[in-house]
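Working notes, beginning with the structure itself.
If you're wondering where the values come from, they're calculated on a predicted model, not measured in any experiment.
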Amino acid sequence: MTNSNNEFWSRASEEFQQNLAKSWGQAMQTFQTMDLGGIVPPAENAVPQISFSQEKLKELQATYLEEATALWNHGLESKHDIKDRRFSSDAWTGNPMAAFTAGAYLLNAKTLMGLAEAVEADEHTQNKIKFAVEQWVAASAPSNFLAFNAEAQKKAIETKGESLAKGIQNLLHDMQQGHVSMTDESKFVVGENVATTEGAVVFENEFFQLIEYKPLTAKVYEKPFLLVPPCINKFYILDLQPNNSFIRYAVSQGHRTFVVSWRNPDESMAQKSWDDYIENAAIKAISQVQDITGAKQINALGFCVGGTILSNALAVLAARGKKACSQCHLPHHPDRLYRYGRARCVHRRKLCEVSRNANGAGWSAQRSRLGIDLQFLAPQRFGLELCGGQLPQR
């Protein structure tokens, strides 16, 4: 009997491996032929072959059977201990059916991620598979569907359907405005309850406005303080409300504070490159702060892609023999684009080609085609870095 069971599981495991490998191969073939805005995948980009670690598969199989059996045996218990925050409310843990559904999902999710880890392929293919599994697993969670979400069902009953009615209203509102709202956007007004720290625009060009903030102390430090925020959230994220405003805090500590306020790029800036943003935004902002204050050196801080821009600008200035900053803090990662989850699914060669195209077509068109933020992928300098020093020939 034991031998028969072993043979059965051995055949099942082998068949499962073949089917899964075939499915992944088909998925990758589909990905390779996706429309990426006219970018043609190189001929050498054949669909990679994948296999699975037999040792990891056997371990996954044994663990799955053990945990599935335990889940089934405890399925009718009145109270379950579920650590995942999506299923931690009493509506989930106190309902045997809902708790079993959550437990089965978590077990299957862990097993699927284990299968992704067991793939034996090159690093880029492994990253693609892990990312795809992560997204699919997250999207298929029972908490995302009203029919399975015990917490949403409970609230619908308690509110006599009002929660469902409000949800439908929010859906219709989002459809009308053309984007998904995470909160009630009408309650936030710049200058009233967002970005309330008092300041004035002291310089502007086609890339940015430079804001200088009114001092809140009798004396200020000799060296001024320049903030370069990200180009998406802009400076608002640093000046939300008085009790959590970084800008207000800096001003209250005696810093003569300046902040770059980015312009929203449009078609008129389609030909602007990374070099333009470095020269005419970051370096220009630094020189303006120096001219206004008379300081030879300043202190600076760059957040996110603002930190990337600032670090590039300081490197250019250093190459010119100029040390503009005495202290500079850069909470960012220089290779931030490729660190994004979505970018893991795009080959560097494709990123490079989009970089070339973005210079002529404008960043917005390329962004919509590839589905990632390409505001600062346009410059050739960044493209050269992604491609290991060479841009592909057209």
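Other members of the cluster containing F148 are F145, with ILVMFWY side chains joined at under 4.5 Å, either directly or via other members.
How far CG of L57 is from CG of L60: 6.5 Å, rounded to the nearest 0.5 Å. With rounding to the nearest 0.5 angstrom, the CZ atom of F235 is 6.5 Å from the CD1 atom of I247. Atoms CG and OG, on N108 and S140 in that order, are 9.0 Å from each other to the nearest 0.5 Å. A distance of 13.0 Å separates SG in C231 from CZ in R263, rounded to the nearest 0.5 Å. One finds the OH atom of Y213 at 11.5 Å from the CZ atom of F258 (value rounded to the nearest 0.5 Å). Atom CD of E67 and atom OG1 of T111 lie 7.0 Å apart (nearest 0.5 Å).
Residues satisfying the side-chain hydrogen bond (donor to acceptor under 3.5 Å, both in side chains) test with T69, not counting sequence neighbours, are none. Applying the side chain to side chain contact (heavy atoms under 4.5 Å, CB included) rule to Q177 yields the partners H173, D174, H179, S181, E185; only residues at least two apart in sequence or on another chain are considered. T159 is linked by a side chain to side chain contact (heavy atoms under 4.5 Å, CB included) to K155, E162, S163, counting only residues two or more places apart in sequence or in another chain. Residues forming a side chain to side chain contact (heavy atoms under 4.5 Å, CB included) with A141 (at least two apart in sequence, or on another chain): R86, Y105, S143, N144. When the side chain to side chain contact (heavy atoms under 4.5 Å, CB included) test is applied to A91, the partners found at least two apart in sequence or on another chain are S89, A150, E151, K154. A search for ring pair (Phe, Tyr, Trp, His ring centres under 6.0 Å) contacts involving F207 returns Y277, not counting sequence neighbours. Remark: F203 engages F208 in a ring pair (Phe, Tyr, Trp, His ring centres under 6.0 Å) (not counting sequence neighbours).
Looking at heavy atoms from C-beta onward, Q126 lies out of side-chain contact with E117 at the 4.5 angstrom threshold. Using a 4.5 Å cut-off on side-chain heavy atoms (C-beta onward), I298 and F225 make no contact. A heavy-atom distance below 4.5 Å is not found between the side chains of S261 and L210. Side chains of F303 and V228 form no contact here, defined as non-hydrogen atoms less than 4.5 Å apart. In this structure the side chain of N149 reaches within 4.5 angstrom of the side chain of W92, judged on heavy atoms. Counting only heavy atoms from C-beta outward, the side chains of T93 and F87 never approach each other to under 4.5 Å. Within the 4.5 Å cutoff, no side-chain heavy atoms of Y221 are placed close to those of N299.
The minimum heavy-atom distance linking I82 with A102 is given by the pair CD1-CB, 4.0 Å. Taking each heavy atom of P215 and V220 in turn, the nearest pair found is CB-CG1, 4.0 Å. Shown here for M269 and P265, the closest heavy-atom pair between the two residues is SD-CA, 3.8 Å.
A side-chain donor-acceptor contact under 3.5 Å links S311 to the backbone of T308. Between the side chain of T101 and the backbone N or O of M97 there is at least one donor-acceptor pair closer than 3.5 Å.
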What side-chain donor-acceptor pairs closer than 3.5 Å can you find for residues 282-290, not counting sequence neighbours?
residue	atom	partner	partner atom	Å
S287	OG	I283	O	3.4
S287	OG	K284	O	2.8
Q290	NE2	K296	O	2.8

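The only member of I211, L227, I309, L226 that meets side-chain contact (heavy atoms from CB on, under 4.5 Å) when paired with V260 is L226.
The hydrophobic cluster containing L310 also contains L317, counting ILVMFWY residues as joined when their side-chain heavy atoms lie under 4.5 angstrom apart, directly or transitively. Under a hydrophobic clustering in which Ile, Leu, Val, Met, Phe, Trp and Tyr are joined whenever their side-chain heavy atoms come within less than 4.5 Å, directly or via other members, Y64 and L106 fall into different clusters. I157 and I168 are not part of a single hydrophobic cluster, where members link through side-chain heavy atoms under 4.5 Å apart. With hydrophobic clusters built from ILVMFWY side chains whose heavy atoms lie under 4.5 angstrom apart, V180 does not share a cluster with L146. Follow the hydrophobic side-chain contacts under 4.5 Å out from M113 and you reach W136 in the same cluster.
For residues 242-258, the set of pairs meeting the side chain to side chain donor-acceptor pair (under 3.5 Å) definition, not counting sequence neighbours, comprises E212-R256, D239-S245. Listed by first and then second residue, the salt bridge (charged side-chain N to carboxylate O under 4.0 Å, His left out) pairs that reach into residues 135-145 come to none, sequence neighbours excluded. The salt bridge (charged side-chain N to carboxylate O under 4.0 Å, His left out) pairs that include a residue from residues 309-323 are E279-R320, where partners are two or more places apart or lie in different chains.
A salt bridge does not link D275 with K272: none of the charged nitrogens is closer than 4.0 Å to a carboxylate oxygen.
Few gaps surround CD on E158; more than 12 heavy atoms of other groups in view lie less than 6.0 Å from it.
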